[in-house]
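Read through the structure below, which is laid out as C-alpha cells, and then see the notes.
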Amino acid sequence: MTLVLQADGIIKRFGPIEVLHGVDFDLTAGQIHALIGENGAGKSTMMKILGGYLSPSEGQLMLDGVPVQFKSQKEAEAAGILMIHQEFNLALQLTVEENIFLGREKRSGLFLKHSAMRDEARDLLARLDCHVDPRTRVGDLSVSDRQMVEIARALGRNARVLIMDEPTAVLTNRETDMLLDQIEQLRNAGTAVLYTSHKLDEIRRIADLVTVLRDGGHIVSRPAEGFSENDMAVAMVGRELSDLFPAKAKPQEEVVLEVENFTVPGRMENASFRLHRGEVLGFAGLVGAGRTELMEGIVGLRPATGSVKVMGNPLQQGSVLAACKAGLVYLTEDRKDKGLLLGKNLTENLTLLALDRFGSLRIDKQAEDRALSQAIDDFDIRVKDREMNAGSLSGGNQQKLLLAKVMLAEPEIVIIDEPTRGIDIGTKQQIYEFISALAAQGKSVIVISSELPEIIGLSGRVIVMGRGHIAGELSGADITEDRILRLAMGVGEDTKETA
Amino acid sequence: QDANYTIGVAIPAATHGFMGGLNYHARASIERLEATYPQLDFVLATSGDAGKMVNDIEDMVATRNIDALVVLPFESEPLTSPVQAVKEQGIWVTVVDRGLAVPGIEDLYVAGDNTGFGRTAGEYFAKTLKDGDNIVVLRGIPTTLDNERVDAFSAAIEGSGINVLDMQHGNWNRDDAFDVMQDFLSKFDDIDAVWAADDDMAVGVLEAISQAGRSEEMWVVGGAGMKEIIKRIMDGDPQLPVNVTYPPAQIATAIEMTALGLVSATPVSGRFIIGSQVITPENAEKFYFPDSPF
Amino acid sequence: MSKLAKSSPRKFNLHVLGPLLALVALILLGASLNSNFLGYGNVTNVLARSAFIGIIAVGMTFVITAGGIDLSVGSMAAFVAGVMILAMNALIPILGVGVPLIVAGMGVALLAGFLAGFMNGFLIAKIRIEAFIVTLGSMGIYRSLITWLSDGGTLSLNFEARSFYRPVYYDGIWGVSWPIIVFAAVAILGELAMRHTPFGRHCAALGANEQVAKYSAIKVDRLRMGTYVLLGVLVGLATIMYVPRLGSASGSTGVLWELEAIAAVIIGGTVLKGGFGRVWGTVIGVLILSLIDNILNLASIVSPYLNGAIQGVIVILAVVLQREGKSAK
Amino acid sequence: MSKLAKSSPRKFNLHVLGPLLALVALILLGASLNSNFLGYGNVTNVLARSAFIGIIAVGMTFVITAGGIDLSVGSMAAFVAGVMILAMNALIPILGVGVPLIVAGMGVALLAGFLAGFMNGFLIAKIRIEAFIVTLGSMGIYRSLITWLSDGGTLSLNFEARSFYRPVYYDGIWGVSWPIIVFAAVAILGELAMRHTPFGRHCAALGANEQVAKYSAIKVDRLRMGTYVLLGVLVGLATIMYVPRLGSASGSTGVLWELEAIAAVIIGGTVLKGGFGRVWGTVIGVLILSLIDNILNLASIVSPYLNGAIQGVIVILAVVLQREGKSAK
Ligand SMILES: Nc1ncnc2c1ncn2[C@@H]1O[C@H](COP(=O)(O)OP(=O)(O)OP(=O)(O)O)[C@@H](O)[C@H]1O
Ligand SMILES: Nc1ncnc2c1ncn2[C@@H]1O[C@H](COP(=O)(O)OP(=O)(O)OP(=O)(O)O)[C@@H](O)[C@H]1O
Ligand SMILES: [Mg+2]
Ligand SMILES: [Mg+2]
C-alpha cells in the first residue's frame with residue numbers, strides 16, 4: 001500500500017472567510033477513502049484543492065512524497081489526478097462523445113477519428129450500463145444520464161487518483177450499483193479513490209477508510225470497518241440523531257389537485273391521479289420514468305394535454321404563473337440549470353419566484369433582507385457572507401436555498417423533485433420534518449424521489465411510474481422497496497430479479 | 001422606331017441631400033424619356049459603395065444586355081477598369097461628374113466642375129471679406145472630390161489675408177454639421193463667415209448659429225442650390241448672401257443626351273462641363289425647383 | 001457574467017468606477033485644452049446632443065440586460081422622425097399650427113416607436129428569430145422606408161410648425177433645455193426600474209438564465225417583448241426631441257446611432273451577453289462618447305481623418321479601465 | 001442555445017434545410033425573372049463577388065462559434081487593401097512589375113491581416129475586454145487609418161501593376177475564376193476544420209461553456225486568440241482577391257462588410273451566442289445575400305430606394321424558415 005497523494009494542514013480562505021482550517025489527508029493506491037461531512041463542511045473545497053482546481057491558502061500537497069504545487073488543474077491531470085465535480089462540468093451544446101473526449105480527441109494526423117471515439121464512448125457508457133447514443137447532445141439528457149456521461153468521461157482517462165464528489169446524488173439505486181462496481185474494479189486495479197456521498201450506506205459498502213469533516217475542521221479518520229452509519233452521522237452532525245422520519249400526518253378528504261389522463265407528448269402518457277389536502281404523495285420510478293416530465297407538464301413548463309384541477313378549478317394550461325397563483329409550485333430536480341441563478345446573490349435568487357410579494361412596483365429591499373434571514377434559519381442555510389453568489393454556496397446549501405425560494409411563494413401544493421439531492425443526513429432530517437409539518441398545516445406535498453427509503457418514510461401513498469406510464473399505486477403497509485421496484489420495472493410477483 | 005434599346009444608369013445612393021437631388025433628376029428624366037421614346041428601356045441602380053456599383057454594372061451587362069451605360073462613378077479609381085471593360089464590349093459609355101482615372105474611355109462626359117465649385121466660392125470670400133477676417137470651413141465626406149473643392153477654395157483665398165480658423169468634416173450631413181458648428185462657435189469668439197460647402201450642412205450650420213444668437217456676426221455660403229436655401233436667397237436673407245451651383249440636374253442632361261445619341265443620329269459624344277455659377281438674390285429664380293426633393 | 005460573479009468586492013469597486021474615471025479624465029482633458037469647454041454654452045450643447053443617443057441607450061440597456069440586442073434603433077429613429085413630420089404637415093390644415101399639432105405629432109412619434117418596437121419584439125420573442133437578424137433586417141427596412149418616403153431627399157417640417165416646435169429642443173426651464181431634462185428623467189426612471197422594480201430584476205434573470213426565469217414563473221416571452229417595446233417607445237421619445245432641432249429627417253438621419261447606443265451601454269458596464277445591467281453606467285457611457293467628439297472638435301489636435309482612430313482608442317481604454325479588476329483573474 | 005439543444009431530430013432537419021430552401025427559392029425566383037440569370041456570365045459574377053464576404057464569413061463562423069464577434073473586418077479589409085497597395089507601389093522600383101511584385105503584395109496583405117487579427121485577439125483574449133468593444137474600437141481605428149493614408153481620397157495601385165494583377169480576379173482555370181476557386185477552397189477547408197478537427201470542436205466547446213473548455217485542458221486564451229488571427233488572415237486573403245478587382249482602396253471600401261459577414265453566419269445557422277457553428281451554412285448565407293442584390297438588379301421591380309427593405313425582409317424570412325422548427329417549442 002503506497003501513499004500517492006498527501007495533504008498536510010490545508011487551510012483555504014475565500015476572501016476573508018476561512019472554510020478549511022488545517023485539514024490533513026492522504027490517499028493510498030488501491031484504497032477507497034471516503035470523505036463525509038455536513039453540507040458546507042468543506043468536502044468539495046478539499047477535493048478541488050486535491051484536484052488542482054483550487055490552490056490552498058496554506059498547507060502542503062505531496063505527490064508520491066514530493067511536495068507539489070498544482071498551478072492549474074491541467075498539471076494535476078498531467079500527474080494522473082482526475083476529479084468528477086459535484087456540479088456538472090459538461091458543455092450542453094456538445095454531444096456525449098464530444099464531451100467525453102473534449103481536450104484529448106483521438107485523431108489520425110490532423111483529423112478526428114469519429115467512429116473510434118464514438119465506439120469507445122459507447123463502451124465506457126456501457127460499463128455503467130448507460131445506453132444513451134454518443135451522438136445526442138448532452139443538453140437533451142436527463143440529469144442522471146448527464147452524471148453518467150461525467151463519470152464515463154473520467155473512467156476514460158485511466159487515472160492514478162480519482163476524486164468523486166457526490167457522483168451518486170442524482171442516480172437511482174440501480175445506476176448507483178453499476179457505478180460502485182466500477183469503483184471497486186478501479187480500486188482493485190490500484191487506483192486511489194477519494195469518494196464522497198451523503199448516502200452513508202454507499203460509504204459503508206465501498207469505503208476502506210473514512211474521514212469526517214465538520215465546519216472545515218478534521219474530526220476523525222478511521223477504517224470503515226465497524227464504523228456504523230449511525231456513528232458516521234453522529235460524527236458528521238456532532239449530535240445524536242433522533243428517528244430520521246417523522247410520523248406521517250393523516251390526509252383530509254378534500255381533493256386539492258386532480259389530474260385526468262394527462263400526457264406530455266413523447267415523454268409520458270395518460271396519467272391520472274388525485275392529491276388530498278394534508279397529504280404527502282410519493283412518486284417513485286426508475287430514471288426516465290417520466291416523473292419530472294409529468295410534473296413539469298402539470299405546472300405548465302411543458303406542452304401537454306389533459307385536465308388539471310386545483311381546488312376544483314381547472315388550471316390554465318401552459319402558464320407557470322397561473323399555477324403559482326393557484327398555489328401550485330414545482331421545485332426542479334435540476335438546481336444548476338433550472339433552479340438558481342448561480343451568478344446572482346442569495347437575495348435575488350430567494351425572492352425571484354415570489355417577487356410580487358415584495359412590492360408590485362417598488363421592491364422592498366428591507367423585506368427581502370428579512371426574508372433572507374428568515375430563510376437562513378428556517379432552512380439552516382450555511383452562508384459565510386450574505387452577499388455571496390448562489391454559485392459559491394455548497395451544493396447542499398444551494399438545494400436548501402432553492403427549497404426556501406419555492407416555499408417563499410407560500411404554495412398550497414408543492415411538488416418537490418428530488419428534495420434531498422446532495423443533502424446531508426442532518427439536514428435531510430430537517431427537510432423531512434419540514435415536509436410533514438407542511439402536510440400537518442393542511443398543505444399538500446408531492447415528493448418525487450429516486451431514494452426509496454425517502455419515498456417510503458415520507459409518503460402515505462406512493463404512485464409508481466415506469467416507462468412514461470403510471471404503473472400502479474401503493475398505500476399504507478404495501479409501500480415496500482420490493483413492491484415499488486417490481487411495479488417500476490413491470491416484473492410480476494414470482495420472478496424475483498434485481499436489474 | 002424599329003430597334004429597342006436599354007440604357008443602364010448607375011449612380012450613388014441618395015445618402016445625402018445632393019445625391020438625393022441627383023437621384024430625383026435621374027428618375028424624373030428616365031420617366032420623361034420612357035414616355036417620349038417607347039423603344040427605350042432603362043435600368044437604374046443606386047449603390048452605397050464602389051464595390052456595389054461595380055456589381056450593378058456587371059449585372060446590367062450580364063443580364064440586361066444594355067446598349068449604353070450612364071455612370072456617375074462612386075469613386076474614379078475603382079470604377080475605371082470595370083467601366084473600361086464595359087466599353088470594350090462595344091457599349092456606349094457616358095460618364096457623369098467624376099472623371100475616370102484613365103482619360104478617353106467614355107464616349108460622352110458630362111460633369112459639374114468641382115474645382116470650379118471651390119474656386120467660385122473662394123473668389124466670393126476673397127472679394128467680400130477684409131484682410132484678417134476669420135472663417136471656418138465644414139468639409140464633406142472625405143473623398144477626392146471633397147479634396148478638389150477644398151483645395152480650389154484654399155487656392156482662391158490664398159493671399160487675401162483671410163485666415164481659416166478650422167476645417168472639420170460635417171460629412172454633408174445636417175446633424176454632423178450642426179454639432180461641428182456648435183463646437184466651432186464655443187471655440188472661436190470671432191467668426192465672420194462660414195463656408196459650408198453644401199446646403200445640407202448649411203442648414204445645420206445656420207441652426208447652430210441662431211441657437212448661439214450670433215446670426216448678425218457671420219454669413220454662410222453653402223453649395224449645390226438646395227431649394228430651401230435658394231428660397232431664402234430669393235427672399236434676400238442677409239445670412240445667405242449667395243450660393244454656388246453644382247447642378248444635380250447634370251445627370252438628367254447626361255441621360256437625355258445618351259438617349260438622343262441612341263434613338264437619333266445626332267452626334268453627342270464629347271465633354272460637357274457644367275460650370276458652377278454664383279446664385280445671387282437677383283438670379284435665384286431660375287435655380288429654384290420647388291418640387292425637387294433637394 | 002461568470003467573470004463578474006467571481007470579481008471579489010475589492011476588484012468590483014474598480015470595475016464600478018472605471019467608466020466614471022474615464023469620464024473625469026476626459027473632462028479634465030477637455031478643460032485643459034479649451035477654456036470654453038466647461039462654459040455654460042458648451043456643457044449645454046454636449047448634454048443636449050447626448051440626449052437622443054442617451055434616451056435610446058437607456059432602453060437598450062434593458063434589451064441587452066435581458067440578453068437581447070437591437071441594431072435597428074438608428075434607422076427606426078429616422079423612420080419615426082419621417083412619419084412624425086409627414087403626419088404633422090398633413091395635420092396642419094386640420095389642427096392649425098399650435099399646441100394640439102405638436103401634441104398630435106408627439107403622439108404619432110410615440111405610437112410609431114411603439115409599433116416598431118412591437119414588431120421587433122414579436123419576431124424575436126414569439127417567432128423566436130435571433131434578435132441580431134431581426135433587428136438587422138428591420139434596420140435595413142426602416143432605413144430604406146425613410147429614404148423612400150423622403151424620395152431620396154429630406155423631409156422637412158412645415159416652416160411655421162417648426163418655428164413653433166423649435167423651443168422644445170432649444171428652450172427649457174431655469175436654463176436647462178428640455179432634451180437635458182427629459183434625458184435626466186428617463187435616466188433616473190430607468191435606474192429606478194432596473195434596480196428597484198420586479199421588471200429590472202426579471203430582465204436580469206432572463207438574461208442570466210432563461211430556463212431559471214421560466215421556472216420562476218416569469219412570462220419570458222412577454223418580458224422579452226416588453227424590453228423591445230420599451231426601447232421602441234424611447235426611440236419615439238428621442239425623436240420628439242430630435243425633430244425640433246433641425247425640423248427635418250432624411251436617409252442619413254440616425255446613421256450608426258445603434259452602434260453608439262450599444263457601445264455606450266457596454267462602456268457603462270452592462271454585460272453584452274445579458275444578466276447584468278447598469279443604467280447609470282450607460283449614461284456615463286453616452287457622455288463619454290459625446291465628449292470625445294466635442295473635445296476633438298474643440299481642440300483640432302490632429303488630422304480630422306484620425307478622429308475615428310482616437311475615438312476607437314478612447315472607447316477601448318475606457319473599458320480597459322473598467323475591466324482591469326477582472327483581467328486580473 | 002438551450003432551445004437548440006432541445007430541438008428534436010425531426011425538427012432539426014427543417015432547421016438544417018432552412019437556409020438551403022431559402023437559397024433554392026431565390027434561385028427559382030431569379031431564373032423566372034430573367035433568362036440570363038442562370039447564364040454563365042451572371043453565375044460567375046455572383047459567385048466571384050461573393051468571394052470577399054464569403055472568405056471573411058468563413059473565418060467569422062469560427063469566431064462566433066467560439067463565442068466571440070468581430071465588427072472590424074470591413075474596415076480591416078479596407079486598411080489591409082490600402083497597406084497592400086502602398087507597399088506594392090513602393091516596391092515597383094525595386095521588383096518591377098511582375099510576379100514577384102504580386103507575391104510580395106500578397107505577402108504584405110496576409111501579414112497585415114495576421115497582425116490586425118492578432119491585435120484584436122490579444123486585447124480580447126489576454127486583456128479580457130468585451131470583443132464587441134475591442135472590435136468596435138478597431139473598426140473605427142482602421143477606418144480612419146485608411147482615410148488618413150489615402151488623405152481622404154483613394155489609394156490606387158499603379159496602373160501597369162494593376163493590369164498585370166487584374167487576371168487574379170478576372171481569370172481562372174477551366175472558366176472558373178480565381179476568387180471562386182479560392183472561396184471554394186476556404187469553404188471546404190473551413191468545413192473540415194469545423195467538423196473534423198479538434199480545433200473546430202474546441203471552438204464549439206469554448207463558445208458553449210468556457211469553464212468546461214478550461215477544465216478540459218484546452219488552452220482557452222490561445223484558442224480564442226487563434227480564431228481572431230485566423231479571421232484576420234482570411235481578411236488578408238479576401239483583400240488579395242479584392243484589390244485586383246477595383247485596384248484601389250478608400251475610406252468607403254468594405255463599409256458594412258462586417259454586418260454582411262455576421263448576417264451570413266447567422267443565416268447559415270451558427271448560433272450567435274456561440275457553441276455551435278456550421279461553415280456550409282455560412283456559405284449558403286453568403287450566397288443568399290449576394291443573390292438578393294443580384295436579383296434586385298435583374299428586374300427593376302421597385303423603386304431602388306426600397307431595395308434595402310426587400311433585403312431586410314428576405315434575410316428575416318430566410319431565418320424564419322430555419323427557425324421554424326424551434327418556434328414550435
Ligand atoms: N467561491 C467561494 N466563495 C466563497 N465561499 C465559498 C466558495 N466556495 C465554497 N465556499 C464556502 O465554503 C464552504 C464549503 O463549501 P463546500 O462546497 O466545500 O461544502 P461541501 O462539503 O461540498 O458541502 P456539500 O455537501 O453541500 O457539497 C461553504 O460554506 C461554502 O459556502
Ligand atoms: N431536459 C431533457 N431533455 C430531453 N429529454 C429529457 C430531459 N430530461 C429528461 N429527459 C428524458 O425524459 C425521460 C424522463 O426524464 P427523467 O429522467 O427526468 O424522468 P424522471 O422519472 O424524472 O427520472 P429522474 O427525475 O429520476 O431523473 C428520460 O428518458 C430522460 O432521458
Ligand atoms: Mg460539495
Ligand atoms: Mg426527474
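Lettering of chains follows the sequences in order, A, B, ..., and the numbering in each one begins at 1.
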Problem set entry | From CA spacing to verdict: side chain to side chain donor-acceptor pair (under 3.5 Å), C:S150, C:S250 | CA-CA 6 Å; C:S150 64; C:S250 73; over 6 Å; no
For this session: Please state whether the side chain, the backbone, both or neither of C:S138 comes within less than 4.5 Å of a heavy atom of chain D.
Result: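 Contact with chain D involves the backbone of C:S138 alone.
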Exercise. Does any heavy atom of chain D fall under 4.5 Å from the side chain of C:L136, the backbone, both, or neither of them?
Worked result: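 Answer is side chain: those atoms of C:L136 sit under 4.5 Å from chain D.
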Exercise. Tell me, side chain or backbone of D:I133 under 4.5 Å from chain C's heavy atoms, or both, or neither?
Worked result: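 Its backbone and side chain both get close to chain C.
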Contact check, side chains of [X] and [Y], non-hydrogen atoms, under 4.5 Å:
X: C:D70; Y: C:M60; result: yes
X: C:T253; Y: C:I146; result: no
X: C:I124; Y: C:T135; result: yes
X: D:Q311; Y: D:D293; result: yes

Exercise. Given the options D:I316, D:V313, D:I314, which has more heavy-atom pairs under 4.5 Å with chain C than any of the others?
Worked result: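 Of the options given, most contacts go to D:I316.
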Problem set entry | Minimal non-hydrogen separation, C:I218 against C:L223, with atom names |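 Heavy-atom minimum between the residues: CG2-CD2, 3.9 Å.
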So which of [options] has the largest heavy-atom pair count under 4.5 angstrom toward chain D?
options: C:G312, C:G137, C:G251, C:S144; value: C:S144
options: C:V134, C:L71, C:L259, C:I141; value: C:I141
options: C:L145, C:V315, C:L272; value: C:L272

